Student: 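First the structure, then my questions, so here it is.
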Amino acid sequence: KWPNDILLNDRKVAGILVESIFAAKANQKFYVLGIGINCHQKQEDFPDELASIATSIDIQSGVVCDRNQIAKRLLINLEHYLTAALDNPADIVEKWQSRSMLLGKRITVEYNGEKFIGNCIGIEPTEGLIVQLERGGVKVFDAASTTITKDWV
């Protein structure tokens, strides 16, 4: 779940969602990956509440992008990193964390209806978001039950 927003010049240009399910009959875990990329939007296309935080590839590049080329490059890179994750998962986790906008930031998370404030000190792929709580202690928040309710400051 983290990072699930892709930023370009500090504005969201894409988002990623991953869902998993364990199929007991097959004794396997399956994943569904959803990726949305803003390509041809103009600034005025975004509603007021998103205008200051969203962007598109066309806006950022100043030219009309080729969505087929973007999809092709995305799929090639996705295959590369999935293979790399099988070969050296620690390297992929390190790269993933190095790109996180949450690490080292003060955040507010909502977990099972309760709010927690603290500094994000890590992301553990199988466990979740690691937060040093303001009220003391460290808590790990699993992605399935956690929402970041406030932008980091």
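All values derive from a computational prediction rather than experimental measurement.
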Student: Are Val13 and Ile35 grouped together when hydrophobic residues (ILVMFWY) are joined by side-chain heavy atoms under 4.5 angstrom apart?
Tutor: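 Shared cluster, yes.
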
Student: Taking the side chain as everything from C-beta on, heavy atoms only, tell me whether Cys65 gets closer than 4.5 Å to Cys39.
Tutor: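 Heavy-atom side-chain distance check passes, below 4.5 Å.
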
Student: With side chains defined as the heavy atoms from C-beta onward, is the minimum distance between Leu133 and Val138 less than 4.5 Å?
Tutor: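 They are not in contact (no side-chain heavy atoms under 4.5 Å apart), so the answer is no.
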
Student: Verify the distance criterion only: is there a donor paired with an acceptor across the side chains of Asn9 and Gln60 at less than 3.5 Å?
Tutor: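 Yes.
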
Student: With a 4.5 Å limit on heavy-atom distance, are the side chains of Leu33 and Leu78 in contact?
Tutor: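 Yes, close enough: below the 4.5 Å cut-off.
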
Student: Got a sec: does the CD of Glu94 have more than 12 other heavy atoms crowding it under 6.0 Å?
Tutor: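 Atom CD in Glu94 is not crowded, with 12 or fewer foreign heavy atoms closer than 6.0 Å.
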
Student: May I ask you to test the Val140-Asp142 pair for a side-chain heavy-atom distance under 4.5 Å?
Tutor: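 No, their side chains stay 4.5 Å or more apart.
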
Student: Give, for atom CD of Glu134 and atom OG1 of Thr108, the distance between the pair rounded to the nearest 0.5 Å.
Tutor: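 One finds 7.5 Å between CD of Glu134 and OG1 of Thr108.
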
Student: For Leu86, does the CG atom have more than 12 heavy-atom neighbours from other residues, nucleotides or ligands under 6.0 Å away?
Tutor: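 Yes, CG of Leu86 has more than 12 neighbouring heavy atoms, counting only those of other groups under 6.0 Å.
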
Student: Search all heavy atoms of Met101 against all heavy atoms of Leu7 and return the closest pair with its distance.
Tutor: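 Minimum heavy-atom contact is CG-CD1, 3.6 Å.
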
Student: Distance check, rounded to the nearest 0.5 Å: Leu103 atom CG versus Asn119 atom CG?
Tutor: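 Output value for this atom pair is 11.0 Å.
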
Student: How close do Ile117 and Arg106 get, heavy atom to heavy atom, and via which atoms?
Tutor: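 Smallest heavy-atom distance, with atoms named: CG2-NH2, 3.5 Å.
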
Student: Which atom pairs, donor and acceptor, lie under 3.5 Å between side-chain atoms of residues 46-54 and protein residues at least two apart or in another chain?
Tutor:
none

Student: Any chain of hydrophobic side-chain contacts (each under 4.5 Å) joining Ile6 to Leu82?
Tutor: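 Looking at the clustering, Leu82 is in the same group as Ile6.
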
Student: Show the numbers, then the answer: is there a ring pair (Phe, Tyr, Trp, His ring centres under 6.0 Å) between Phe141 and Phe116?
Tutor: CA-CA 10 Å; Phe141 297 93; Phe116 297 85; 5.1 Å; yes

Student: Would you say Asp10 has more than 12 foreign heavy atoms packed within less than 6.0 Å of its CG?
Tutor: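 12 or below, so no.
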
Student: Would you confirm whether Glu19, through its side chain, and Leu17, through its main-chain N or O, come within 3.5 Å as a donor-acceptor pair?
Tutor: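 Checking the backbone N and O of Leu17 against the side chain of Glu19, no donor-acceptor pair under 3.5 Å is found.
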
Student: Are any side-chain N or O atoms of Asn88 and backbone N or O atoms of Ala84, one a donor and one an acceptor, separated by less than 3.5 Å?
Tutor: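 Checking the backbone N and O of Ala84 against the side chain of Asn88, no donor-acceptor pair under 3.5 Å is found.
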
Student: Is Ile92 close to Asp87 at the side-chain level, that is, under 4.5 Å between some pair of heavy atoms?
Tutor: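 Not in contact.
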
Student: Taking the side chain from Ser98 and the backbone from Lys95, do they hold a donor-acceptor pair closer than 3.5 Å?
Tutor: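 Present.
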
Student: Should the pair Lys29 and Tyr31 be classed as cation-pi, given the thresholds of under 6.0 Å to the six-membered ring centre and 45° from the axis?
Tutor: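 Checked: cation-pi criterion not met.
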
Student: What is the distance from atom SG of Cys120 to atom CD of Gln132, rounded to the nearest 0.5 Å?
Tutor: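 That separation rounds to 11.5 Å.
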
Student: Less than 4.0 angstrom from a charged side-chain N to a carboxylate O is my criterion; do Lys139 and Glu127 meet it?
Tutor: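 Looking at Glu127 together with Lys139, the answer is no, because their closest N to O distance does not fall below 4.0 Å.
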
Student: What closest approach, in Å, do Thr55 and Leu8 show between heavy atoms, and which atom pair accounts for it?
Tutor: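 For Thr55 and Leu8, the tightest heavy-atom pair comes out as CG2-O, 4.1 Å.
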
Student: Under a single-linkage definition using a 4.5 Å side-chain heavy-atom cutoff for Ile, Leu, Val, Met, Phe, Trp and Tyr, are Ile130 and Ile148 assigned to the same hydrophobic cluster?
Tutor: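 In one cluster: no.
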
Student: So do the side chains of Leu102 and Ile107 get within less than 4.5 Å of each other, counting heavy atoms only?
Tutor: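 SC-SC contact between Leu102 and Ile107 confirmed.
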
Student: If we ignore angles and hydrogens, is there a donor and acceptor under 3.5 Å between the side chains of Thr147 and Glu110?
Tutor: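 No pair is found: no donor N or O on one side chain lies under 3.5 Å from an acceptor on the other.
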
Student: Looking only at heavy atoms, which two atoms of Val93 and Pro125 are closest? And how far apart?
Tutor: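 That would be CG2-CG, 3.4 Å.
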
Student: Work out which heavy atom in Lys12 is nearest to a heavy atom in Asn38; give both atom names and the distance.
Tutor: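 Of all heavy-atom pairs spanning Lys12 and Asn38, the closest is O-ND2, 3.7 Å.
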
Student: Should Ile121 and Ile123 be counted in the same cluster of Ile, Leu, Val, Met, Phe, Trp and Tyr side chains packed under 4.5 Å apart?
Tutor: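 Hydrophobic grouping puts Ile121 apart from Ile123.
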
Student: So which heavy atom on His40 is nearest to which on Val64, and how close?
Tutor: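 Looks like CE1-CG1, 3.5 Å.
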
